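Worksheet for the structure shown next.
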Amino acid sequence: MQEKNNIPEFNRETLDLVNQIIKRYPQGRQKSALLPVLHIAQSENSGWLSPEMMDYVATLLDILPIEVYEVASFYSMFNLKPVGNCVIEVCHTGPCWLNGAEKIIAHFETRLGIKPGETTADGKFTLKTVECLAACGNAPVIQVGTEYHENLTPEKADNLLEQWKRENKISHTNPYL
Amino acid sequence: MATQILLKNIDVPGLAEIQVYRKLGGYTAVEKALKTLSPDEVTDEVKKSGLKGRGGAGFPTGMKWSFIDKQSQKAKYLVCNYDESEPGTFKDRHIGQLNPHQLIEGMILGSYALGANTAYIYIRGELFYVLRIIEKAIAEAYKNGFLGENILGSGYSLDLYCHPGAGAYICGEETALLESLEGKRGNPRIKPPFPAIVGLYGSPTVVNNVETIATLPWIVNNGGEAYSAIGIGNSKGTKLISACGHINKPGIYEIELGLPVEEFIYSDEYCGGIRNGNKLKAVVAGGSSVPILPANLILKTAAGEPRLMSYESLSEGGFQTGTMLGSGGFIVMDHTACIVKNLLTFARFYRHESCGQCSPCREGTSWMEKILMRIEGGQGTMKDIDLLVDIAKHVEGNTICPLGDAAAWPVASAIRHFREEFEEHVKLQKCPF
Ligand SMILES: Cc1cc2nc3c(=O)[nH]c(=O)nc-3n(C[C@H](O)[C@H](O)[C@H](O)COP(=O)(O)O)c2cc1C
Ligand code: SF4
Ligand code: FES
């Protein structure tokens with residue numbers, strides 16, 4: 001992504017993807033591409049949707065900025081505030097709770113020194129609790145970017161954390177790629 | 001071994017690739033339908049099969065299709081509901097991930113029957129990695145002539161696309177799903193009109209669950225009658241059950257409808273019994289929305305008959321002593337599980353997922369969560385328990401979409417069957433677990 005006077009702009013490759021997605025919907029229904037394009041936009045904008053980015057998406061789809069804001073604020077996968085490089089989403093719904101989700105959340109809290117909804121001071125990790133990820137048979141479950149990690153234990157969590165630290169994990173990659 | 005329609009080849013390596021799928025007989029149903037059957041004949045087979053929608057509501061699929069106005073000049077759409085967000089439900093994820101071509105083949109058959117030339121698979125945004133697998137399979141299907149213009153020289157054309165959601169359980173409700181697909185907030189529409197008349201972009205539309213659609217190739221290949229020979233009573237065919245919680249073998253099982261619940265929970269072929277030899281306490285049999293039942297009532301009906309995994313048997317006794325098959329999300333709790341705490345996680349879920357359009361749902365889900373937090377946290381009173389029952393009663397049936405009911409039923413049923421446990425929380429002023 002490049003920026004001209006603070007206005008974001010996708011590169012050629014990303015624009016091609018966006019245009020290809022718009023063509024999936026009938027003529028004049030390009031607004032249908034809003035969710036897919038917001039996913040891409042978020043991944044291009046460090047994992048969150050800034051007002052500038054939402055305005056840019058509005059111009060791409062030829063809709064009003066307000067149409068983008070009202071949608072972005074409805075869906076829980078869209079972050080309207082900056083997040084860390086690696087967002088760890090821990091499922092805390094019934095089936096995961098029955099199988100120890102609270103222990104996993106507490107473990108991440110201690111290791112990272114933050115509560116759900118917070119980001120570490122170095123900006124590397126954000127911890128989030130989320131609702132059922134449709135993987136309850138392998139509870140407890142966490143999601144990082146488009147990856148699922150299932151049957152989680154504190155040991156597994158430590159191994160993952162170490163790996164992510166080592167490789168400077170970035171979870172907001174383009175979900176289509 | 002029960003008939004396997006959805007999981008038969010699921011362990012075959014490379015099943016997601018079109019050559020492997022075809023070697024196992026894949027896409028023969030499309031060939032059969034497009035070369036030898038009219039769209040109405042396909043619909044007739046589905047009607048004959050007795051297949052009911054597997055998304056939760058259990059509406060007969062063939063009948064739903066017949067509501068589509070074939071004479072309408074507007075485009076028609078088939079939309080696959082791949083939102084799979086009902087807690088305890090994790091069956092559809094499996095199909096797209098491991099056997100995407102069976103879903104695609106089903107989409108072609110359904111679209112052909114409905115006269116749709118464009119179809120969408122609406123998949124929850126969290127499952128982007130599955131979306132990528134399906135998109136790859138769709139590309140293969142185009143390349144092999146099963147999608148696109150003039151499929152197999154039949155004159156029939158179909159374009160199929162995936163569309164990601166972005167984290168909203170309510171978008172599993174079919175009209176919210178259509179709003180979302182149009183690029184809007186997922187607010188359910190007031191019905192009527194139903195999607196069959198005014199659906200996607202105002203056009204006649206059918207929304208069907210992943211499992212429903214993935215069953216279609218088998219029905220076309222083997223005939224509706226063969227399908228209806230499986231199962232029991234009005235519960236025809238097989239059903240995927242995703243089992244989780246305190247069992248030895250959590251996972252996804254394809255059962256013939258009519259299997260005794262006791263066998264499902266205890267036999268090694270299925271759940272393999274309760275973990276650590278613990279005692280069965282309760283089951284939520286069809287996803288978080290359906291009434292919870294205590295061990296005695298899930299194993300046997302109030303009349304003492306063995307409870308079966310079927311639409312009729314699970315709902316036997318109404319909400320007083322029965323429940324529903326729902327989505328097939330089977331959540332098992334042993335004696336160490338706190339009913340109040342589990343319910344609190346569900347209440348939080350429904351509060352979080354309410355779209356906020358109707359005040360009974362918006363306010364009610366938030367109150368129920370707050371009161372449950374109070375009881376679980378040791379600050380509840382006996383009056384709070386009755387208050388919960390009262391709120392649930394006021395939410396139920398008073399909302400635009402069934403999410404209100406879905407939020408109320410777990411609360412009402414937990415108190416109906418486990419009132420002592422709520423009272424114990426109040427008396428001890430803490431959670432006894
Ligand atoms: C709140 C709510 C959530 C729902 N979630 C889903 C879902 O995730 N998947 C699904 O197939 N149906 C879901 N449904 C049911 C759909 O509205 C619809 O009945 C179903 O997709 C129809 O497909 P079927 O007839 O093949 O079951 C949900 C309904 C409600 C009220
Ligand atoms: S019942 Fe709840 S989720 Fe459904 S439309 Fe009303 S507020 Fe929205
Ligand atoms: S409850 Fe965590 S994946 Fe379903």
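A quick note: this is a predicted structure, and the numbers were derived from the prediction, not measured. Each chain gets a letter, A, B and so on, in the order its sequence line appears, and its residues count up from 1.
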- Query: Strictly under 6.0 Å, is that where the ring centroids of A:Tyr25 and B:Tyr201 end up?
  - Reply: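 Here the rings of B:Tyr201 and A:Tyr25 have centres that are no less than 6.0 Å from each other.
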Side chain / backbone / both / neither for [X] at chain A, heavy atoms under 4.5 Å:
X	answer
B:Tyr120	side chain
B:Ser180	both
B:Leu344	neither

In the structure I gave you, are the side-chain heavy atoms of [X] and [Y] within less than 4.5 Å of one another anywhere?
X	Y	result
B:His246	A:Leu98	yes
A:Ser76	B:His352	yes
A:Glu67	B:Arg185	no
B:Pro164	A:Tyr176	yes
A:Tyr148	B:Val130	no
B:Ile170	A:Phe74	yes

- Query: Hey, which of A:Leu61, A:Asn99, A:Asn138 has the most heavy atom pairs under 4.5 Å with chain B?
  - Reply: A:Asn99
- Item | Flag for B:His163-A:Arg24: side-chain donor and acceptor within less than 3.5 Å |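 Their side chains do not contain a donor-acceptor pair, so the 3.5 Å distance test is not met.
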Would you call [X] and [Y] a salt bridge, taking side-chain N to carboxylate O under 4.0 Å as the test?
X	Y	answer
A:Glu147	B:Arg132	no
B:Arg351	A:Glu131	no
A:Lys31	B:Glu179	no

